[in-house]
Amino acid sequence: MPLGYKGSYQRVRAYLHDKRTAPRPVTARPPSPRTVAGWILRHPESLTESEQLQLKAVRAHCPEIDALTRHVRSFATMLTDRQGERLPDWLDAVRQDDLPSLHTLAAGIDRDRDAVIAGLTLPWNSGPVEGHVNRIKMLKRQMFGRAGFALLRKRVLLS
């Protein structure tokens, strides 16, 4: 029993021509993960109207991203308004959602909860110290690791 198509070449050509010229539905490409992360991490008021609408659509289609956005924005408010006393409630809310990456963050914060609450509440920070450490590391990198402590000390004192 022979196999194969018994129709003519012209019939196949006409069928394919109809398929190729038929209008296709226009669908927008979904935003990249990096773009969505940028929208989530930026202050909501700094997003353009188009970005806000796109983020709203993404949040409507994915409940995990919606929960993540709520938690990230809540933490950002806690950070900028120095509301460290809200941290335990935030950690409880994070644990109630099924977001494994945030559970890891919550576990890390829990290990040093008092220090994190102090960092979110008190007006002091270690920014100047970190700046000096960064400067010293830069000087050390400039010497390509060849100089000893004595020369590094002189460069730090002279800079």
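Counting from 1, the numbers follow the sequence of the chain as shown.
Between Lys140 and Lys137, the closest side-chain pair of non-hydrogen atoms is not below 4.5 Å. Taking 4.5 Å as the limit, every side-chain heavy atom of Thr80 sits out of range of all side-chain heavy atoms of His43. With contacts defined as side-chain heavy-atom distances shorter than 4.5 Å, the pair Leu99/Glu64 qualifies. Here the side chains of Leu68 and Ile40 are in contact, with some heavy-atom distance below 4.5 Å.
The shortest non-hydrogen separation linking Gly84 to Pro88 is O-CD, 4.2 Å. Looking at every heavy atom in both residues, Leu152 comes nearest to Met143 through CD1-CE, 3.5 Å. Closest approach of Arg135 to Val156, counting heavy atoms only: NH1-O, 4.1 Å. Here the closest heavy-atom approach between residue Val72 and residue Leu41 is recorded as CG1-CD2, 3.9 Å. For Thr121 against Arg82, the heavy-atom pair with the smallest separation is O-CD, 3.7 Å.
Looking at Ser74, its side chain never comes within 3.5 Å of a backbone N or O of Arg70 through a donor-acceptor pair. Using a distance-only test at 3.5 Å, with no hydrogens or angles considered, no donor-acceptor pair links the side chain of Ser126 to the main chain of Val129. A donor-acceptor pair is defined here as one N or O able to donate and one able to accept, closer than 3.5 Å; no such pair exists between the side chain of His17 and the backbone of Arg13.
Taken to the nearest 0.5 Å, the CZ atom of Arg59 stands 14.5 Å off from the CD atom of Gln54. To the nearest 0.5 angstrom, Arg11 atom CZ is 13.0 Å from Leu16 atom CG. Distance NE2/His71 to CG/Asp66: 9.5 Å, rounded to 0.5 Å. The CZ atom of Phe75 sits 15.5 Å away from atom CZ of Arg73, with the distance rounded to the nearest 0.5 Å. Here the straight-line distance linking atom CG of Asp92 with atom CG of Leu87 works out to 9.5 Å at 0.5 Å rounding.
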Please step through side chain to side chain contact (heavy atoms under 4.5 Å, CB included) for the pair Arg86 and Thr77, ending with a clear verdict.
-> CA-CA 10 Å; Arg86 289 182 39 211; Thr77 302; 4.1 Å; yes
Kindly indicate, with the supporting measurements, whether the criterion side chain to side chain contact (heavy atoms under 4.5 Å, CB included) is fulfilled by Ile109 and Trp90.
-> CA-CA 11 Å; Ile109 289 174; Trp90 183 84; 4.2 Å; yes
When you look at Val94 and His103, which way does the side chain to side chain contact (heavy atoms under 4.5 Å, CB included) test go after all the steps?
-> CA-CA 7 Å; Val94 164; His103 291 180; 4.2 Å; yes
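No chain of hydrophobic side-chain contacts below 4.5 Å, direct or via other Ile, Leu, Val, Met, Phe, Trp or Tyr residues, connects Leu47 to Leu53.
Shown here is Tyr9, whose OH atom has no more than 12 heavy atoms of other residues, nucleotides or ligands within 6.0 Å.
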